[in-house]
*Asks:* 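Please find one structure pasted underneath; my questions will follow.
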Amino acid sequence: MFLADVLGTVVSTVRHPALRGERLLLLGVVAPDGTPTGALRVALDRAGAGVGERVLVVDEGNSGRQLFGAEDAPVKTVIAGVVDTVALAERVVYRATAACD
Amino acid sequence: MFLADVLGTVVSTVRHPALRGERLLLLGVVAPDGTPTGALRVALDRAGAGVGERVLVVDEGNSGRQLFGAEDAPVKTVIAGVVDTVALAERVVYRATAACD
Amino acid sequence: MFLADVLGTVVSTVRHPALRGERLLLLGVVAPDGTPTGALRVALDRAGAGVGERVLVVDEGNSGRQLFGAEDAPVKTVIAGVVDTVALAERVVYRATAACD
Amino acid sequence: MFLADVLGTVVSTVRHPALRGERLLLLGVVAPDGTPTGALRVALDRAGAGVGERVLVVDEGNSGRQLFGAEDAPVKTVIAGVVDTVALAERVVYRATAACD
Amino acid sequence: MFLADVLGTVVSTVRHPALRGERLLLLGVVAPDGTPTGALRVALDRAGAGVGERVLVVDEGNSGRQLFGAEDAPVKTVIAGVVDTVALAERVVYRATAACD
């Protein structure tokens with residue numbers, strides 16, 4: 001698993017029944033200090049994630065299909081959770097906006 | 001899944017019955033802002049993609065075989081969809097030419 | 001398998017029963033000489049690892065699920081062991097603090 | 001799948017019956033324009049490839065085993081085809097020497 | 001498969017019965033010309049490899065388990081062979097010390 005920021009959305013028709021109506025989110029992978037690595041992923045969402053949020057991503061076929069809930073879907077990259085906080089040692093370096101309220 | 005641009009075509013005979021007659025497309029992987037990362041993939045096409053289009057790529061064996069429709073084919077990288085638009089936050093940063101018509 | 005340093009923790013709800021109550025550790029991947037490569041992983045822990053420790057990481061679905069002990073969990077990255085020592089040739093270049101006591 | 005140049009050969013005994021007598025080819029992975037990326041692979045050959053040729057490589061366990069023709073062999077990286085031509089858009093940027101004759 | 005140099009050893013307890021008593025070797029991945037890429041792997045050994053030797057590495061779950069000889073072990077990275085020679089075209093660029101005797 002790794003962390004990424006939801007940067008935006010991708011619109012593309014995938015002609016496989018398992019993916020009909022699924023929203024595709026554009027992710028920018030981040031380094032431990034939160035800076036972007038330059039790597040991109042397009043993920044399916046199972047955590048209700050939105051643009052601007054930091055998310056926990058699983059990028060392996062069988063794990064993705066488990067989270068997605070369909071054994072034979074062409075699914076690899078899935079957002080497993082929206083991140084509330086990231087702490088380096090004891091210091092919180094990322095806190096979700098919603099989590100501050 | 002990730003995004004890539006269809007840069008061209010590769011001609012190479014693959015002596016496996018499942019791949020007979022399949023077209024091989026040369027892909028350049030892109031970063032979130034659309035700049036090339038320098039990574040290359042050769043993909044089978046299940047979306048009717050052409051040179052110059054931005055595409056959505058699945059690069060995992062079981063997913064690739066699902067999209068390809070053959071359980072025991074030597075298939076990993078498959079174009080799952082042609083991208084219509086990519087938006088960073090609310091701003092559209094990529095729009096397919098055909099989608100403008 | 002590879003080596004990484006436990007840098008901190010991630011708090012994120014993963015809505016999959018197999019992962020309920022699991023602690024998520026933030027890892028920074030290291031090079032052979034111990035310098036960070038800049039790559040990040042978020043791992044489940046099966047070795048009792050803590051912040052500041054160097055750990056041995058398995059990052060493959062089936063191996064992760066074996067260590068985790070659940071066949072159908074969405075698990076890929078698992079801390080398999082806390083590192084006691086790393087030696088380059090005969091020279092010890094890393095020794096766990098606890099191991100010095 | 002990706003493209004690579006056959007740079008040479010590796011001699012190493014692999015003590016697994018499925019690989020007895022197999023030739024190991026040293027590959028240098030290339031970018032879309034044919035420049036080396038610096039990455040190396042060692043592959044089994046199922047396409048009759050030789051040093052100096054550009055090849056199409058499959059680097060996934062189940063696909064490799066399909067091409068190799070042995071279900072339980074320790075096989076991941078297999079040369080699936082020798083490349084005849086690579087075209088960026090309409091322009092041929094690589095043509096096999098043999099293909100020119 | 002790829003090539004790596006055995007740089008040293010890692011001592012870490014992995015609490016999984018399949019790995020009890022296994023030696024963990026620290027590997028530095030190399031480029032085609034033998035220079036280190038900076039990437040590290042920790043591998044199980046099935047080839048009797050020692051520090052200073054160049055080795056052939058398989059880094060895929062099912063292949064690793066085949067070489068290791070245990071179907072359900074948490075095994076991904078396995079040294080499949082000690083390299084005798086590496087030749088770029090006709091020129092030998094690496095020869096094992098033992099192979100010179």
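What you are looking at is a predicted structure, and each value in this text was computed from that prediction instead of being measured. Reminder, nothing fancy here: chain letters follow the sequence lines and each chain counts from 1. No hydrogens, no waters, no symmetry mates; every other heavy atom, side chains included, goes into these values.
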*Asks:* Relative to chain C, which segment of A:Asp59 carries a heavy atom at a distance below 4.5 Å: side chain, backbone, both, or neither?
*Replies:*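 Interface part for A:Asp59: backbone (N, CA, C, O).
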*Asks:* Give, as side chain, backbone, both or neither, the part of C:Leu26 having an atom under 4.5 angstrom from any heavy atom of chain A.
*Replies:*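 Side chain only.
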*Asks:* List in chain and number order the residues that pass side chain to side chain contact (heavy atoms under 4.5 Å, CB included) with A:Ala89, two or more places apart in sequence or in another chain; answer none if no residue qualifies.
*Replies:* C:Val51
*Asks:* State which residues pass side chain to side chain contact (heavy atoms under 4.5 Å, CB included) with A:Glu71; sequence neighbours excluded, sorted by chain then number.
*Replies:*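 Result, side chain to side chain contact (heavy atoms under 4.5 Å, CB included) vs A:Glu71: none returned.
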*Asks:* In sequence, state the C-alpha distance, the side-chain angles, and the governing distance for A:Val83 and C:Val11, and then conclude on side chain to side chain contact (heavy atoms under 4.5 Å, CB included).
*Replies:* CA-CA 6 Å; A:Val83 172; C:Val11 177; over 6 Å; no
*Asks:* Look at C:Thr77, C:Val10, C:Leu7 and state which one has the largest set of heavy-atom pairs under 4.5 Å with chain A.
*Replies:*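 That would be C:Leu7.
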*Asks:* Compute whether any side-chain donor of one residue and acceptor of the other, for C:Arg65 and A:Ser63, lie under 3.5 angstrom apart.
*Replies:*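 Indeed, the side chains of C:Arg65 and A:Ser63 share at least one donor-acceptor pair under 3.5 Å.
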*Asks:* Do you know which two heavy atoms are closest between A:Met1 and C:Leu44, and how far apart they sit?
*Replies:*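 A:Met1 and C:Leu44 have their closest heavy atoms at CE-CG, 4.1 Å.
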*Asks:* If you count heavy-atom pairs within less than 4.5 Å of chain A, which of C:Val75, C:Thr13, C:Thr9, C:Leu19 leads?
*Replies:*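 It is C:Thr9.
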*Asks:* Less than 4.5 Å to any heavy atom of chain C: does that hold for the side chain of A:Ala87, its backbone, both, or neither?
*Replies:* both
*Asks:* Of all heavy-atom pairs between C:Asn62 and A:Glu60, which one has the smallest distance, and what is that distance?
*Replies:*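 Closest heavy-atom pair between C:Asn62 and A:Glu60: N-OE2, 4.5 Å.
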*Asks:* Does C:Val14 form a side chain to side chain contact (heavy atoms under 4.5 Å, CB included) with A:Val58? I'd like the steps, not just the answer.
*Replies:* CA-CA 11 Å; C:Val14 179; A:Val58 176; over 6 Å; no
*Asks:* Nearest heavy-atom pair of A:Leu67 and C:His16: which atoms, and what distance?
*Replies:*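 Heavy atoms of A:Leu67 and C:His16 come nearest at CD2-CB, 4.1 Å.
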*Asks:* Where does C:Leu24 contact chain A at under 4.5 Å (heavy atoms): side chain, backbone, both or neither?
*Replies:*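 Looking at C:Leu24, just its side chain touches chain A.
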*Asks:* Under 4.5 Å from any heavy atom of chain A, what part of C:Ala18 do you find: side chain, backbone, both or neither?
*Replies:*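 For C:Ala18, no heavy atom lies under 4.5 Å from chain A.
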*Asks:* Any donor and acceptor pair, going by atom type alone, linking the side chain of C:Ser12 with main-chain N or O of A:Val82 inside 3.5 Å?
*Replies:*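 Looks like yes, one N/O pair under 3.5 Å.
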*Asks:* So which of C:Leu40, C:Asp5, C:Val29 actually passes side chain to side chain contact (heavy atoms under 4.5 Å, CB included) with A:Pro32?
*Replies:*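 Of C:Leu40, C:Asp5, C:Val29, side chain to side chain contact (heavy atoms under 4.5 Å, CB included) with A:Pro32 is met by C:Leu40 alone.
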*Asks:* Short question: side chain of A:Gln66, backbone of C:Ala73 - any donor-acceptor pair under 3.5 Å?
*Replies:* no
